[in-house]
Asks: 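First the structure, then my questions, so here it is.
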Amino acid sequence: ILFVSCKPSQNLVYFSDITEAEYLTQIRNKIRPKIQTDDMLSITVSTLSPESNTLFNGGALGTTNSPVPASQDNDNGYLVDDNGAINFPVIGQIKLEGLTKEEAVEKLTTEIAKHVKKPIINIRFLNFKISVIGEVNKPSTYTIPTEKINLLQAIALAGDLTPYGKRDNIALIREKEGTRNVVKLNLNNKELLDSPYFYLQQNDIIYVEPDKARAAQTNISRSNLQFGISVGLSLISVLVILMTNI
């Protein structure tokens with residue numbers, strides 16, 4: 001109990017090294033999400049021809065490569081396969097991996113314009129999700145409808161860090177182009193605002209590490225539970241023996 005009560009103090013203030021009354025910095029680290037394998041894309045095509053609209057928007061290809069009516073729920077879309085491509089009506093296989101939405105729109109427009117005049121393409125991510133786990137109040141996986149979120153907004157979605165969360169050692173796990181990258185971020189440092197990892201990408205995982213006091217508290221709780229179970233079993237054994245003798 002004494003060990004847990006003597007919790008070492010830690011800096012709970014975000015960006016505590018900002019001493020100015022007003023802190024200004026140019027936003028140079030904003031990134032646009034790029035299409036990755038296993039992404040699910042919503043793609044709609046608008047043309048001057050109702051027949052062409054029906055042709056291009058009549059279905060989406062799911063994991064079974066079978067047509068799915070566009071009128072069904074939002075989980076339907078075009079799955080980016082392991083080769084980074086989707087199978088789109090009329091034009092067939094087209095690779096979109098590594099492109100931003102704007103670049104993908106331009107590429108699709110060029111291909112579809114070979115078949116219809118003046119097509120208008122809209123693309124959305126259907127599975128833009130981030131996960132926040134560890135010492136936060138509401139750990140979970142969150143779907144981001146706007147496809148734009150930064151680290152602070154993600155932490156806010158998870159109900160903020162608990163007092164036991166290490167604010168100077170936040171782990172960001174990101175998978176990209178076949179590699180997995182783990183980066184440690186410091187919420188006490190204003191340099192985080194200019195970090196290339198401040199803005200999140202789809203499927204990012206944020207892990208908030210517990211401090212030593214939380215670990216000690218957990219170990220004590222486990223010890224107390226084991227001790228309680230042992231005492232309970234011992235009492236039951238004594239009662240059984242007494243009842244047998246009676």
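Count residues from 1 along the sequence. Note: hydrogens, waters and symmetry copies are ignored here, and every other heavy atom, side chains too, is used. Since the structure is predicted, the reported quantities are computational estimates derived from the model, not experimental observations.
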Asks: According to a hydrophobic-cluster definition based on side-chain heavy atoms being under 4.5 Å apart (Ile, Leu, Val, Met, Phe, Trp, Tyr only), do Ile170 and Val183 belong together?
Replies: yes

Asks: I'd like to know if the side chain of Asp81 reaches the main chain of Asn83, judged simply by a donor and an acceptor atom lying under 3.5 Å from each other, with no hydrogens or angles considered.
Replies: yes

Asks: When Tyr197 is tested against each of Asp204, Asn150, Asn181 for side-chain hydrogen bond (donor to acceptor under 3.5 Å, both in side chains), which residue passes?
Replies: Asn181

Asks: Are Tyr199 and Pro33 packed together at the side-chain level, in the sense that at least one heavy-atom pair is separated by less than 4.5 angstrom?
Replies: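 The answer is no, as the side chains (C-beta and beyond) never meet within the 4.5 Å cut-off.
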
Asks: Using distance only, find each side-chain donor-acceptor pair of residues 125-133 under 3.5 Å and give its atom names and separation, not counting sequence neighbours.
Replies:
residue: Asn127; atom: OD1; partner: Met40; partner atom: N; Å: 3.0
residue: Asn127; atom: ND2; partner: Asp38; partner atom: O; Å: 3.2
residue: Ser131; atom: OG; partner: Thr141; partner atom: OG1; Å: 2.8

Asks: Only pairs at least two apart or in different chains count here, so list each salt bridge (charged side-chain N to carboxylate O under 4.0 Å, His left out) that has a residue in residues 102-113.
Replies: Arg32-Glu102, Glu111-Lys114

Asks: Between Ile120 and Val45, is there a side-chain heavy-atom distance shorter than 4.5 Å?
Replies: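 A side-chain contact is absent here, since even the closest heavy-atom pair is not under 4.5 Å.
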
Asks: Measuring from atom CD1 of Ile121 to atom NZ of Lys101, what distance do you get when rounded to the nearest 0.5 angstrom?
Replies: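 Interatomic distance, Ile121 CD1 to Lys101 NZ, rounded to 0.5 Å: 13.5 Å.
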
Asks: Following the transitive rule for hydrophobic clusters with a side-chain heavy-atom cut-off under 4.5 Å over Ile, Leu, Val, Met, Phe, Trp and Tyr, establish whether Ile155 and Tyr207 coincide in one cluster.
Replies: no

Asks: Side chains of Glu175 and Asn203: any donor to acceptor distance under 3.5 Å?
Replies: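 There is no such pair (donor and acceptor under 3.5 Å, judged by atom type) between the side chains of Asn203 and Glu175.
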
Asks: Between Phe56 and Phe88, how do the two ring planes meet: parallel, tilted or perpendicular, split at 30° and 60°?
Replies: parallel

Asks: Any heavy-atom pair between the side chains of Leu187 and Leu161 that's under 4.5 Å?
Replies: yes

Asks: Out of curiosity, Lys34 NZ to Glu97 CD, how far, rounded to the nearest 0.5 Å?
Replies: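 Output value for this atom pair is 11.0 Å.
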
Asks: Mind checking whether Leu192 and Ile173 sit in one hydrophobic cluster, side chains of I, L, V, M, F, W, Y counted as touching below 4.5 Å?
Replies: no

Asks: Are any of the side-chain heavy atoms of Thr100 and Val105 separated by less than 4.5 Å?
Replies: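 The answer is no, as the side chains (C-beta and beyond) never meet within the 4.5 Å cut-off.
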
Asks: Does one side chain, of Tyr14 or Asp160, offer a donor that lies under 3.5 Å from an acceptor on the other?
Replies: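 A donor-acceptor contact under 3.5 Å links the two side chains.
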
Asks: Is any side-chain heavy atom of Leu200 less than 4.5 Å from a side-chain heavy atom of Ile206?
Replies: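 Yes, side chains in contact.
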
Asks: Working to the nearest 0.5 angstrom, can you tell me the gap between Asn53 CG and Thr47 OG1?
Replies: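 So the gap between those two atoms works out to 3.5 Å.
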
Asks: Return the set of residues passing salt bridge (Lys or Arg N to Asp or Glu O under 4.0 Å) with Arg124 (not counting sequence neighbours), or none when no residue passes.
Replies: none

Asks: Rounded to the nearest 0.5 Å, what separation is found between the OH atom of Tyr23 and the OG1 atom of Thr25?
Replies: 4.5 Å

Asks: Does a side-chain heavy-atom distance below 4.5 Å link Val208 with Lys166?
Replies: no

Asks: Could you walk me through whether Val80 and Leu96 pass the side-chain contact (heavy atoms from CB on, under 4.5 Å) check?
Replies: CA-CA 8 Å; Val80 182; Leu96 299 180; 5.5 Å; no

Asks: Side chains of Ile27 and Leu193, heavy atoms from C-beta outward: is any pair under 4.5 Å?
Replies: no

Asks: Show, in sequence, the C-alpha distance, side-chain angles and deciding distance for Gln36 and Gln202, and conclude whether the side-chain contact (heavy atoms from CB on, under 4.5 Å) test is met.
Replies: CA-CA 9 Å; Gln36 305 174 10; Gln202 67 269 41; 3.8 Å; yes

Asks: Between Val90 and Ile112, is there a side-chain heavy-atom distance shorter than 4.5 Å?
Replies: no

